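Residue numbers start at 1 and run along the sequence shown. Note that ligands are numbered from 1 as they come in the structure, with each ligand's atoms numbered from 1 the same way. Quantities reported herein were computed from a predicted structural model and do not represent experimental measurements.
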Amino acid sequence: MAARHIPHTMRKLIGTKLSPNFREATAIVEAPVPQPGPSEVLVHNRFVGINASDINFTAGRYLPSLEAPYDVGFEGLGEVVSVGADSKLKIGQPVIYAKFGAFADYKVVSSKSVIPVPSAKPEFLSLIVSGLTAALSLDKIGEIKKGENVLVTAAAGGTGQFAVQIAKEAGCHVIGTCSSDDKVKFLQTIGCDRPVNYNKESLKEVLKMEYPDGVDVVYESVGGEMFDLCVNNLAVKGRLIVIGFISGYESATGFKPSRTATLPTKLLSKSASVRGFFLNHFWNDAGPVMAKLVQQVLDGKLRVSIDKGENTNHGPFTGLDKIQDAVDYMYSKQNKGKVIVELISEQSKL
Ligand code: NAP
């Protein structure tokens with residue numbers, strides 16, 4: 001096994017109890033740096049990505065048998081620093097991966113699960129969960145077609161920004177919801193045809209007046225009243241993709257019930273459907289889609305907004321100690337694009 005100089009210990013963020021309150025549920029500890037097995041590699045994390053579901057994970061909603069202490073974090077980008085005997089990856093290769101326990105200085109990942117990327121740019125990290133979710137779900141579950149209307153909720157967020165651009169690329173008309181004028185401006189820069197700041201305009205009125213025949217596809221990640229409103233405004237044969245329901249995640253139950261009793265009538269009367277999408281069920285389809293997304297980023301055809309919290313009091317998000325601040329930042333609805341925490345800067349590597 002070839003290796004670079006690697007310390008014996010590292011820091012990582014762990015869950016110390018189960019709670020949707022991420023700050024209360026997590027703490028930083030010292031731990032031994034793990035050793036890769038024969039078909040694994042050790043990645044020195046440079047960036048880690050924040051996801052809305054980080055708090056679902058600490059609440060115990062992902063793994064029913066989860067008990068403290070447990071590792072947290074879904075995705076990382078870093079450099080391969082040690083490889084197992086059977087791994088063909090080279091030391092120094094920048095890679096991205098999606099694996100539980102990414103919020104650590106170093107992470108062991110199976111060679112098959114890491115995806116080599118051209119450079120250690122955080123834009124590539126944002127593709128593995130946020131980008132793939134948008135690309136795969138709009139195609140396989142939303143079945144978007146040229147000329148259709150697509151409504152994207154939380155459109156200026158980590159995955160929303162991809163949904164907007166991918167639907168535009170497919171020739172759709174895109175409506176995007178967000179909570180500020182600053183985000184409206186951002187949505188205009190990525191091609192959103194009709195950004196709606198729901199704090200200023202009533203989405204219900206906009207849909208009624210400007211889209212009287214309804215919307216063909218909804219990329220819905222907010223839940224609660226937003227879900228109800230979207231169902232009510234589906235077109236004949238419309239498809240609503242359930243991406244998430246962030247408005248409920250901070251609550252103890254994790255779910256804000258909507259008026260599901262009337263759902264059968266609403267769907268039947270329009271031959272419409274509500275369909276779920278969970279990325280973990282689609283990894284077998286991810287390879288070619290990821291290759292396309294990486295190329296589009298390289299070609300400048302896919303614009304990725306990375307938000308390291310530079311403009312907030314607790315930012316920029318640099319170091320493991322800032323992960324809790326980064327999660328709070330996302331839940332304060334301020335982020336534009338993908339929230340990322342930088343663990344080691346290019347400077348400190350020299
Ligand atoms: P994000 O969109 O970067 O950030 C969350 C955004 O949601 C906020 O900026 C805010 O934007 C909006 N929001 C609306 N209501 C909110 C509320 N009550 N509390 C907090 N935020 C609220 O986050 P993300 O990680 O990309 O996740 C977005 C959604 O996609 C989540 O529902 C997540 O679970 C889902 N997701 C699902 C999958 C899957 O496999 N199904 C994969 C990735 C993500 P505005 O203020 O502009 O509305």
Residues Asp325, Arg23: salt bridge by 4.0 Å N-O rule: yes

Region of Val339 that comes within reach of ligand 1 [heavy atoms, distance under 4.0 Å]: neither

N or O pair under 3.5 Å between Phe277 and ligand 1: yes

Check: Thr177 N/O within less than 3.5 Å of ligand 1 N/O: no

Same apolar cluster: Val164 and Tyr219, side chain cutoff 4.5 Å: yes

Ion pair check, Lys17 and Glu24, cut-off under 4.0 Å: yes

Lys145 NZ: over 12 foreign heavy atoms closer than 6.0 Å: yes

Atom NZ of Lys292 with >12 non-hydrogen neighbours under 6.0 angstrom: no

Geometric N/O contact Gly158 with ligand 1, under 3.5 angstrom: yes

His173 side chain reached by Tyr211 side chain, heavy atoms, under 4.5 Å: yes

Mode of Ile246 contact toward ligand 1 - side chain, backbone, both, neither (heavy atoms, under 4.0 Å): both

Polar atom proximity, Ser130 to ligand 1 (N or O, under 3.5 Å): no

CD1-CG distance between Ile340 and Asp307, expressed to the nearest 0.5 angstrom: 9.5 Å

For atom 10 (C) of ligand 1, the option (of Lys336, His281, Lys333) bearing the nearest heavy atom: Lys333

Option with minimal heavy-atom separation from atom 33 (C) of ligand 1, where the choices are Tyr219, Tyr249, Phe245: Tyr249

Geometric class of the Tyr62/Phe100 ring pair [parallel <30°, tilted 30-60°, perpendicular >60°]: perpendicular

Numbering as shown, the atoms of ligand 1 that approach Gly244 to under 4.0 Å (heavy-atom distance): 32 (O)

Ring centroid separation Tyr329 to Phe317 under 6.0 Å: yes

Ligand-side contact atoms (ligand 1) for residue partner Lys183, heavy atom cut-off under 4.0 Å: 9 (O), 11 (O), 45 (P), 46 (O), 47 (O)

For Thr159, atoms of ligand 1 separated by under 4.0 Å from a heavy atom: 26 (O), 28 (C), 30 (O)

Region of Ile243 that comes within reach of ligand 1 [heavy atoms, distance under 4.0 Å]: both

Which of the ligand 1 atoms, numbered from 1, are nearer than 4.0 Å to a heavy atom of Val222: 14 (C), 15 (N)

Gly157, any N or O under 3.5 Å of ligand 1 N or O: no

Ala156 near ligand 1 by a heavy-atom separation under 4.0 Å: no

Glu210/Arg194 salt bridge by N-O under 4.0 Å criterion: yes

Within 6.0 Å of CD in Glu30, more than 12 heavy atoms from elsewhere: yes

Lys12 and Val29, any side-chain heavy atoms less than 4.5 Å apart: yes

Cys178: numbered ligand 1 atoms lying under 4.0 Å from its heavy atoms: 47 (O)

Proximal ligand 1 atoms for Phe278, defined as those under 4.0 Å from one of its heavy atoms: 40 (O), 41 (N)

Contact check: Gln334 vs ligand 1, nitrogen or oxygen atoms, below 3.5 angstrom: no

Atom indices of ligand 1, in the order listed, that fall short of 4.0 Å to a heavy atom of Ser53: 34 (O)

Enumerated ligand 1 atoms positioned under 4.0 Å from heavy atoms of Ala154: 7 (O), 12 (C)

